[in-house]
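Take a look at the structure below.
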Amino acid sequence: MKTLLTVIGARPQWIKASAMSRVLQRAEHGMQEHVVHTGQHVSQEMSGIFFEELGMKAPDTQLEVEFDPARRMGQMMQGIAASISQVKPDAVLVYGDTDSTLAGAWAASRAGVPLIHMEAGLRSFDRAMPEEINRILTDQLSAVLLCPSEAAVSQLRKEGIFTNCRPGVLVQAAGDLMLDTACWIGGEPVSRVSNGNKVLLTLHRPSNVDDMDRLRLWMEAIRDTICQQGLVVIFPVHPRTAVALQKAYGFEWDLILKDWGIHVQRPAGYVQMMEWLNEVNAVWTDSGGVQKEAFFRHRPALVLRDTTEWTELLDVGAAVLSPEPKGLMRRNADLMARDFSQVFETNLFGDGHAAEHIAAALQAWFQK
Ligand code: UDP
């Protein structure tokens, strides 16, 4: 039996890791997991609810870290390194592009344990995004790079990762683990209501919310678009954004937004997110995961950024970049006028059984 030390710590990672854990728990592939939760997100609404809803076992090791990013990074590295010494895993498994991902990658590399990166090969080509740096460095340190799509494999090929890494590196397009979880929880996508007017909004990237002037511009563009186009906006607010909104609009920020027709919500669980995706006609988001889930649920998306690591969504016309608040109204009107009858039929992210394919690939890799 091979032991994987899985490092997870932030909300998008529960969605991906739970799909993999469901398969690994069956022990058919000769692998067992020791899960380290880095403590990056620990509240019930950012962490606990996902363990309950997605059927994940409690972490084997729970780290406690501070909020300051630099101190937190050091504490995560130290905690993961200690777990590696204790557990002596055959490989370390990390997901996506958060600080927890990079901390796991560093600790594995220092300990000389092979690193497996799930969601390898994604690039937004925007090095101002902390996630982009985390992705590039993690890919460089990995022995196994599991890509969600062929586009991600070709990106790694362009970067020469095959020659840079140690011999035995495995790069494979295995499909998207988030699709596995969306199918498991959400079932088949339901059709959009014709003339529906609901939009799901998420906004939490530092580039959109940390600067008060920019955040106000976004909120005011959303208010004006709601008013002009007769929309209802559902807005589960990320904790980082809640702090910023309070700074921008004072303690009654949520009442102000409600007054503008923005239905402010606490951060939601995954089941609730799937329900909202069924109810709405469009998604406005700066989240990597949510723009892809919009595609899984057959909803078009405006991506509130000037780049995306999921460029295939732009290529098929399922998503459109909307980087500036002043362009929101026009871009949403254009998006709603489009014909989406064929768009969501394209298979971009695999068959919803990525975890099975990955487990089989890892089993074969361990046997080499
Ligand atoms: N999500 C959620 N509740 C929310 C907002 C997002 O469950 O209130 C889920 C969402 O469905 C997706 C994941 O969290 O699966 C994305 O996480 P986030 O937007 O925080 O990170 P990103 O994908 O941008 O890295």
Side-chain angles (χ1 to χ4, degrees), residues 8-20 38 40-54 56 94-102 118-119 122-124 126 129-135 138 148 176-186 189 199-210 233-245 254 262-280 283-297 299 301-305 307-310 313 319 349 354:
I8 48 178
R11 182 169 66 185
Q13 287 161 337
W14 323 136
I15 324 295
K16 301 162 199 176
S18 62
M20 206 57 224
T38 64
Q40 197 179 335
H41 287 161
V42 279
S43 65
Q44 173 63 11
E45 55 192 11
M46 294 297 281
S47 173
I49 187 169
F50 295 92
F51 280 78
E52 291 158 18
E53 288 186 346
L54 303 177
M56 293 166 78
V94 295
Y95 289 86
D97 55 22
T98 71
D99 287 354
S100 298
T101 315
L102 184 58
M118 299 283 191
E119 222 176 56
L122 298 182
R123 298 290 180 266
S124 69
D126 177 1
M129 287 178 76
E131 293 89 344
E132 182 76 349
I133 304 302
N134 293 343
R135 289 180 196 121
T138 303
D176 195 306
L177 289 167
M178 291 186 77
L179 178 59
D180 291 23
T181 301
C183 296
W184 190 65
I185 295 271
V199 174
L200 177 62
L201 166 70
T202 77
L203 193 74
H204 73 283
R205 294 258 95 79
S207 56
N208 280 330
V209 306
D210 284 2
V233 169
I234 304 167
F235 183 24
V237 183
H238 191 282
R240 175 189 199 99
T241 314
V243 171
L245 284 165
D254 53 339
I262 303 174
H263 292 229
V264 171
Q265 309 282 340
R266 308 281 309 173
Y270 189 76
V271 172
Q272 176 66 76
M273 283 297 279
M274 289 295 117
E275 284 173 13
W276 281 332
L277 283 166
N278 283 343
E279 281 172 31
V280 300
V283 174
W284 300 344
T285 187
D286 63 2
S287 156
V290 176
Q291 61 186 275
K292 212 168 28 154
E293 285 165 349
F295 179 82
F296 301 157
R297 310 311 298 168
R299 269 42 183 179
L302 287 185
V303 178
L304 311 181
R305 290 162 40 181
T307 56
T308 175
E309 58 282 17
W310 301 105
L313 295 175
F349 299 109

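Just follow the structure's listing: the first ligand is 1, and inside any ligand the first atom is 1.
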Atoms of ligand 1 under 4.0 Å from any heavy atom of Phe50, numbered from 1 in the order shown, are 2 (C), 7 (O)
Ser18 and Glu53: side-chain donor and acceptor closer than 3.5 Å? no
Quick check on Arg205 - does any of its heavy atoms sit under 4.0 Å from an atom of ligand 1? yes
Taking only non-hydrogen atoms of Met178 and a 4.0 Å limit, the atoms of ligand 1 in range are 15 (O)
Is it true that Lys292 and Glu119 have a side-chain N and a carboxylate O under 4.0 angstrom from each other? yes
I'd like to know whether ligand 1 has Ile15 as a neighbour, heavy-atom separation below 4.0 Å. yes
I want to confirm something. Looking only at heavy atoms, which of Ala268, Pro236, Pro12 is nearest to atom 3 (N) of ligand 1? Ala268
With a 4.0 Å cut-off on heavy atoms, is Met274 touching ligand 1? no
Compute the shortest N/O to N/O distance between Gly288 and ligand 1 and return yes if it is under 3.5 Å, no if not. yes
Distance-only criterion, 3.5 Å: show the donor-acceptor pairs between side-chain atoms of residues 40-50 and protein atoms not counting sequence neighbours.
residue : atom : partner : partner atom : Å
Gln40   : OE1  : Ser100  : N            : 3.2
Gln40   : OE1  : Ser100  : OG           : 2.5
His41   : ND1  : Arg11   : N            : 2.9
Ser43   : OG   : Met46   : N            : 3.1
Gln44   : NE2  : Glu52   : OE2          : 3.4
Glu45   : OE1  : Arg266  : NE           : 3.3
Glu45   : OE1  : Arg266  : NH2          : 3.4
Glu45   : OE2  : Arg266  : NH2          : 2.8
Ser47   : OG   : His37   : NE2          : 3.2

A student comparing Arg11, His41, Glu309 should find that the heavy atom closest to atom 6 (C) of ligand 1 comes from Arg11
When you measure from the heavy atoms of Arg266 to every atom of ligand 1, does any distance fall below 4.0 Å? no
Any heavy atom of Trp14 closer to ligand 1 than 4.0 angstrom? no
With respect to Asp97, determine whether any N or O atom, backbone or side chain, lies less than 3.5 Å from an N or O atom of ligand 1. no
Ser287 to ligand 1: N or O pair under 3.5 Å? yes
